Amino acid sequence: MNTTILSSTFLLTILLSVGLFFFIKASVKDRTQAVQLISGQPQESLLPQLQQYFTQRAYRVAAVDAAQNQVVFQGFVRPSWFLAIFLSLLAAVGLLCLSLVLSQLFPGAATLFLGLELLSPLAGLFYWQKAGRTEQVSLKLDDSPREGTEQAQSLITVTAHRDELAALQQALNLTSCD
C-alpha cells in the first residue's frame, strides 16, 4: 500500500481512538444540575407527593432542614448493563480498527497488535465501577403567590442528575422557571 494512504489512515484512526477514549470517560461524568420548578399546588400537598415519588424511585430521606424547608434524598444509582456492553463493543471495534492499521504499518507484529482486542472489556469494566454510585437530590420548597391571583403556587429548587430532573418534571407535571 501507498505510505501516504497508510499514514493518513493511521492519523485518522488515532484521532478516532482519542475520541472514543473521551466518550468512554464521559460515560461516568457527573451531570448534576440545579433548576427551579413551579407547581400549582401548595407546599402542604406537594411535599408528600415529592416524598412518595422519590421513595418509589428507591431514594430515602437523608436529611431534613425544617428551618429552610429543605429535604435531601439519597439513593444508589445502578450502572446500566446495556451501556457497559455497548461501551465494550465500541472499544472492541475501535481497537480492531487500530490494530488493523498498525498491522499494515508493521506487518511483523500483526498478531501482537490483534492482541490489543483483549483490552476492550476494560471499557465496560471502567463504566461499571464508576457509574454505580450514591447520588443525592436536594429539594427546597418556597411558597410564592401567582401574579394577579390569590392562588398559591410552590417554587421548588431541585439539585439532582439531569435525567432525574426530567423524570421529576414529567411525573409531577412541573414547569421550569427558565
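This structure is a prediction, so every number in the text was calculated from the model and none was measured.
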Verify whether the ring centers belonging to Tyr59 and Phe54 lie closer than 6.0 Å. yes
So, do Gln49 and Leu172 sit near enough that their side-chain heavy atoms are less than 4.5 Å apart? yes
Hey, could you give me the CG/NE2 distance between Asp30 and His161, rounded to the nearest 0.5 Å? 7.0 Å
In this structure, would Leu122 and Leu90 fall into the same cluster of hydrophobic residues linked by side-chain contacts under 4.5 Å? no
Measuring from Leu125:CG to Leu119:CG, what's the distance to the nearest 0.5 Å? 12.0 Å
Would you call Glu164-Arg162 a salt bridge at under 4.0 Å N-O? no
Any idea which heavy atoms bring Gly94 and Leu20 closest together, and the distance? CA-CD2, 4.0 Å
Side chains of Gln33 and Thr159 only: does a donor on one sit below 3.5 Å from an acceptor on the other? no
Correct closest heavy-atom pair for Ser39 and Leu174 would be CB-CD2, 3.4 Å
Rounded to the nearest 0.5 Å, how far apart are OG1 of Thr32 and CD of Glu135? 6.0 Å
Assign the ring pair Phe23 / Phe86 to parallel, tilted or perpendicular, where the plane angle (0 to 90°) is split at 30° and 60°. perpendicular
Exercise: identify the closest heavy-atom pair between Leu87 and Ser27: CD1-OG, 3.5 Å
So Val72 and Val137, do their side chains get closer than 4.5 Å, heavy atoms only? no
Could you go through the side chain to side chain contact (heavy atoms under 4.5 Å, CB included) check for Gln169 and Ser176 one step at a time? CA-CA 8 Å; Gln169 269 185 283; Ser176 181; 3.8 Å; yes
Applying the 4.5 Å side-chain criterion to the ILVMFWY set and letting contacts propagate, would Leu141 and Val64 be lumped into a single cluster? yes
Roughly how far, to the nearest 0.5 Å, is the CZ atom of Phe73 from the CZ atom of Arg57? 12.5 Å
From CA spacing to verdict: side chain to side chain contact (heavy atoms under 4.5 Å, CB included), Ile156, Lys140: CA-CA 6 Å; Ile156 311 162; Lys140 183 175 180 182; over 6 Å; no
Does Tyr127 reach the main-chain N or O of Ser80 with its side chain, forming a donor-acceptor pair under 3.5 Å? yes
Report the distance from atom OG1 of Thr9 to atom CD1 of Ile14, rounding to the nearest 0.5 Å. 11.5 Å
Taking Phe21 as the starting point, is it possible to reach Val28 by hopping between hydrophobic residues whose side chains are less than 4.5 Å apart? no
Taking the side chain as every heavy atom from C-beta outward, state whether Gln52 and Thr55 have any pair of such atoms under 4.5 Å apart. no
Keeping the roles fixed (side chain from Arg78, backbone from Phe76), state whether a donor-acceptor pair exists under 3.5 Å. no
Could you measure the distance from the CG atom of Leu96 to the OG1 atom of Thr13? Nearest 0.5 Å is fine. 11.0 Å
On a heavy-atom basis, the closest approach of Ala62 and Gln74 is CB-OE1, 3.5 Å
Does the side chain of Leu114 come within less than 4.5 Å of Ser103's, by heavy atoms? no
Check whether any side-chain heavy atom of Leu168 sits under 4.5 Å from a side-chain heavy atom of Val158, and report yes or no. yes
If you compare all heavy atoms of Pro79 against all heavy atoms of Ala131, which two are closest, and at what distance to 0.1 Å? CB-CB, 3.9 Å
Under 4.5 Å between side-chain heavy atoms, hopping through other hydrophobics if needed: is there a path connecting Leu98 to Leu6? yes
Short side-chain to backbone donor-acceptor contact, Ser7 and Thr4, under 3.5 Å: no
Within one Ile-Leu-Val-Met-Phe-Trp-Tyr cluster: Leu50 and Val71, side-chain cutoff 4.5 Å: yes
Over all heavy atoms of both residues, which pair between Ala92 and Glu117 is shortest? Give the atoms and the distance, please. O-OE2, 2.8 Å
Does any non-hydrogen side-chain atom of Gln70 lie less than 4.5 Å from one of Leu139? no
Does the side chain of Val61 come within less than 4.5 Å of Gln51's, by heavy atoms? yes
Within-4.5 Å side-chain heavy-atom neighbours: Leu102 and Leu116: yes
